[in-house]
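See below for the structure under consideration.
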Amino acid sequence: MALSAGMAHARYEEPCGIRFLARSCGNPAYADTVVCLDPSTVASPEIRAGTIIRLIDFAAQSLDDRDPGWRLHGSRLAACRLFQLDAPDQAGDVILRAQMSTFETALAHGSGGAYLEPFATLMFLQAEAGFDTDLDASMTAFERIIAHYSSPLSILGGRTLAVTGFARQGRLAIATRQFDEALALIVRFPRAEGERLGYLVGIAKAAAEGAMWESAATVLPLIDADTPILETMPDSRYKGWLREDVLALPDAIARRQWPQN
């Protein structure tokens, strides 16, 4: 039985992958800007230097957006292009400025949970590039946003995505800590209507997506204990997805094989 894609956590995607860039450049807000410039047109050192300056300016202008989500998205796009142009230091600066801007907004306005997933995605870029000092600062900000923000679902979304993302980058200590924190939050959710079961399946899938097989396996007894709730739930697409994953997860974890997205 195949594992469904429709469960209760954000699926990991490569931070600068083709799907992200294509989706973003299909948005009219970005389509005709420097972040969607055809890389093949950056052929000379002079054009490259000018493009780097334009990308830095684009990221700086993104910080003026009142919505931190758009700030993070625009800065991610600019950073991806800067990495492509072999300008990692400039990309690192763009990433950190966007994160700290979001952090300041979150603390000032008592919000920020909705931005944890895009915030985490920028941390994956820092991890991949080896910007460990910046990553430490960003992780501190990430945890402070969580401490300052009270929405369990937003916190869970950020931590669950962080499990897969940091595991994919080989940062297993960080991924394990995020897994432990997420699971500790999940077990406090109510069993009614399969809510807790859905999140248990989600964190098990996130660990499996990151090849954290032992961590994923620790969730299986908790899933088994909550599975009877399926018989009390009304028929729905969500129930069907949930049942499929409950049945398929043990075999996928035992075989240590996970479909790559």
Side-chain angles (χ1 to χ4, degrees), residues 3 5 7-17 19-20 72 76 79-80 83 88 91-92 95-96 99 103 113 115-147 152-189 198-223 245 248-261:
L3 286 147
M7 276 311 303
H9 72 284
R11 291 294 300 274
Y12 172 84
E13 69 173 6
E14 291 297 328
C16 291
R19 278 189 289 181
F20 167 70
L72 293 167
R76 176 181 169 188
C80 288
F83 280 123
I95 291 168
L96 191 60
Q99 290 169 321
F103 170 64
Y115 316 126
L116 288 170
E117 291 178 15
F119 192 105
T121 299
L122 288 181
M123 291 196 293
F124 306 153
L125 283 174
Q126 291 170 320
E128 183 177 9
F131 296 152
D132 288 1
T133 300
D134 289 356
L135 179 59
D136 287 344
S138 300
M139 183 59 68
T140 297
F142 181 80
E143 293 294 342
R144 285 191 63 189
I145 293 172
I146 287 175
L153 289 180
S154 294
I155 293 169
L156 181 58
R159 290 202 186 281
T160 302
L161 184 63
V163 170
T164 305
F166 282 115
R168 291 276 187 97
Q169 298 299 334
R171 304 297 182 109
L172 293 181
I174 300 176
T176 299
R177 186 166 64 249
Q178 293 299 316
F179 174 88
D180 291 343
E181 293 285 354
L183 189 57
L185 178 60
I186 290 169
V187 297
R188 298 200 295 269
F189 278 88
Y199 297 129
L200 287 169
V201 168
I203 194 64
K205 290 175 68 174
E209 287 169 13
M212 297 173 60
W213 305 111
E214 290 79 8
S215 294
T218 66
V219 187
L220 293 180
L222 299 174
I223 291 175
D245 282 347
L249 265 169
D251 181 61
I253 292 170
R255 289 185 292 106
R256 297 193 171 199
Q257 292 182 356
W258 191 261
Q260 296 297 308
N261 61 330

*Side chains of R159 and I203 in contact at under 4.5 Å (non-hydrogen atoms)*: no
*Nearest 0.5 Å, what's the CG-CD distance between L161 and E13?*
9.0 Å
*Would you check if T160 and Y199 make a side-chain contact, meaning some heavy-atom pair closer than 4.5 Å?*
no
_Pairs satisfying salt bridge (charged side-chain N to carboxylate O under 4.0 Å, His left out), at least one member in residues 173-189, at least two apart_ = none
*To the nearest 0.5 Å, tell me how far F83 CZ sits from I95 CD1.*
4.5 Å
*Mind checking whether L153 and F189 have side chains closer than 4.5 Å, heavy atoms only?*
yes
*Under a 4.5 Å cut-off applied to non-hydrogen side-chain atoms, are F103 and R144 in contact?*
yes
*Dump the intermediate steps for side-chain contact (heavy atoms from CB on, under 4.5 Å) on L183 and L222, then the final yes or no.*
CA-CA 10 Å; L183 189 57; L222 299 174; 4.0 Å; yes
*Tell me, do L135 and I174 make a side-chain contact under 4.5 Å, heavy atoms counted?*
yes
_Is the shortest side-chain heavy-atom distance between T218 and F179 below 4.5 Å?_
yes
_Candidate pair D136 and T133, rule side-chain contact (heavy atoms from CB on, under 4.5 Å), full reasoning_ = CA-CA 5 Å; D136 287 344; T133 300; 5.6 Å; no
_Do the side chains of R171 and E128 get close enough for a salt bridge, i.e. N-O under 4.0 angstrom?_
no
*Taking atom CD of E214 and atom CD1 of I253, what is their separation to the nearest 0.5 Å?*
10.5 Å
*Side chains of F131 and S138: closer than 4.5 Å at any heavy-atom pair?*
no
*Apply side-chain contact (heavy atoms from CB on, under 4.5 Å) to the pair E14 and R19, showing each step before the final yes or no.*
CA-CA 8 Å; E14 291 297 328; R19 278 189 289 181; over 6 Å; no
*asked:* What's the separation between atom CZ in F119 and atom CG in L116, rounded to the nearest 0.5 Å?
replied: 8.0 Å
*Supply the atom-to-atom distance M212 CE to T164 OG1, rounded to the nearest 0.5 angstrom.*
8.5 Å
_Euclidean distance, Q169 CD relative to Y12 OH, rounded to 0.5 Å_ = 5.0 Å
*Is a side-chain donor or acceptor of T176 paired with a backbone partner of A173 at a separation under 3.5 angstrom?*
no
